[in-house]
J.: 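I'd like to ask some things about the structure below.
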Amino acid sequence: MKKIAVLTSGGDAPGMNAAIRAVVRKAIYHGVEVIGIEYGYNGLIQNQQRTVNIGDVGDMIHRGGTMLYTARSEAFKTETGRQEALQHLQNEGIEGLVVIGGDGSFRGANELHRLGFPTVGVPATIDNDIPGTDFTIGFDTALHTIIEAIDKIRDTATSHERTYVIEVMGRDAGDLALWAAVAGGAESVIIPEKEWDLDDITSRLLRGYERGKKHSIILIAEGAGSGLTLGKEIEKKTGLETRVTVLGHVQRGGAPTVNDRVLASRLGAHAVSLLLDGKSGVMTGIEHHRVVTHPFSHQFDTKQMSHNELYELSQQLSI
Ligand code: ADP
């Protein structure tokens, strides 16, 4: 293999740049040229590409976002779109592709693999919702951002003796909310994977205030419902002054943490090794601190990992 391409697709995540850097440098280390495709699958269809050299990925490891930009592409979901993309790859003499993105991006990557084009995936999304890897690139950084916000809100919550509802991202997954609840000492956490009821939340709240708590923080994952609605319901039911913060896109930005930079470097480099070993239709991941490889199909078939242990812990520690 003498020439490969790399793209970032779907939602951006801190650490994508570190992953691109690892792909580029690992490939060049092995004497392979790297083409950067801009704007995800859209760029593949519109042939927006350029050679990326060692220096082009310099000063990038600490930057959030993605230097290759990202996009969602409806055209790539069609057979015609994918054929166009394939044509461009072949015309340019590109022999393999690394797709850095989330589960949607992997579905696209799998389609290219099925057309016979060597394609591998690197899991990057703040949502941590990809089976086959304990952590996705960007999750740790987003968590740090959430914890910073919770710590600050806690100061003002204590001063005013208020209840705070904080809505965090995660699409259909509760990982961000759950980890943040444990790390931030939240009183309650609501995630899509677990049933919940308002009475339970409010009775925990009132119990806390009765024993002298100065504030309460309730985390809700966006996939489980609206923070604003929950805040109103709590206030109506308990009469407690309740404020709502929807953290939004601050969770997607910022310099990647050490964990995300190292993870991105390991997985990006491993993706190149896989292509050079003749592998295709697989994703890289990290399990029990080791770099692993799984077929894309594993990702589509496997159900979300169980959140029981961490959920129970958060319940027990917030009594
Ligand atoms: P993420 O990768 O962050 O989950 P999306 O779900 O939006 O983001 O997917 C990113 C892109 O991957 C989509 O815009 C589309 O171009 C491509 N994609 C998603 N699903 C498919 C599919 N079934 N077939 C082909 N391409 C797909």
Side-chain angles (χ1 to χ4, degrees), residues 5-17 19-20 23 37-49 64-66 68-89 97-133 135-139 141-142 168-176 192 221-223 248-249 251-253 256 260 263-264 267-268 271 280-285 294-304:
V6 57
L7 62 79
T8 49
S9 163
D12 70 325
M16 277 184 160
N17 279 326
I20 296 167
V23 169
I37 312 282
E38 294 184 340
Y39 301 103
Y41 295 122
N42 268 346
L44 212 49
I45 294 170
Q46 283 152 23
N47 216 10
Q48 279 174 277
Q49 46 132 313
T66 158
L68 290 176
Y69 311 107
T70 183
R72 296 202 154 90
S73 169
E74 282 310 307
F76 196 75
K77 289 186 178 170
T78 67
E79 187 61 32
T80 325
R82 290 195 291 271
Q83 285 297 342
E84 260 181 86
L86 182 65
Q87 204 62 57
H88 286 142
L89 285 164
L97 175 69
V98 178
V99 171
I100 303 170
D103 60 341
S105 303
F106 284 3
R107 282 179 196 278
N110 198 41
E111 292 299 325
L112 271 180
H113 158 71
R114 292 215 303 224
L115 290 173
F117 194 83
T119 309
V120 301
V122 174
T125 160
I126 65 165
D127 304 334
N128 205 35
D129 58 351
I130 302 187
T133 186
F135 299 107
T136 54
I137 297 162
F139 175 63
T141 307
V168 303
M169 285 179 141
R171 301 242 295 232
D172 297 329
D175 287 44
L176 279 174
E222 64 179 354
H249 281 77
Q251 295 162 92
R252 290 254 288 261
D260 274 333
L263 181 63
L267 299 190
S280 177
V282 293
M283 58 167 273
T284 63
H294 290 296
F296 283 135
S297 55
H298 173 85
Q299 193 241 311
F300 308 137
D301 297 343
T302 316
K303 282 239 155 65
Q304 262 293 334

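Read the numbers this way: they start at 1 and go in the same order the structure lists the ligands and their atoms.
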J.: Under 3.5 Å, is there a donor on one side chain and an acceptor on the other for Gln87 and Gln83?
T.: no
J.: How many angstroms lie between atom CG of Leu86 and atom CD of Glu79, to the nearest 0.5 angstrom?
T.: 9.5 Å
J.: Under a 4.0 Å heavy-atom cut-off, which residues neighbour ligand 1?
T.: Ser9, Gly10, Gly11, Tyr41, Arg72, Ser73, Phe76, Lys77, Arg82, Gly102, Asp103, Gly104, Ser105, Arg107, Gly108, Glu111, Arg171
J.: Can you sort out the partners of His294 under ring pair (Phe, Tyr, Trp, His ring centres under 6.0 Å), two or more places apart, ordered by chain and number?
T.: His298
J.: When the side chains of residues 98-110 are checked against the rest of the protein, which donor-acceptor pairs come out under 3.5 Å, sequence neighbours left out?
T.:
from, atom 1, to, atom 2, distance (Å)
Ser105, OG, Ser9, O, 3.3
Ser105, OG, Ser9, OG, 2.8

J.: Begin with the C-alpha distance, continue with both residues' side-chain angles, and end with the deciding distance and a verdict on side chain to side chain donor-acceptor pair (under 3.5 Å) for His113 and Thr119.
T.: CA-CA 5 Å; His113 158 71; Thr119 309; over 6 Å; no
J.: With sequence neighbours left out, what residues match Phe117 under ring pair (Phe, Tyr, Trp, His ring centres under 6.0 Å)?
T.: none
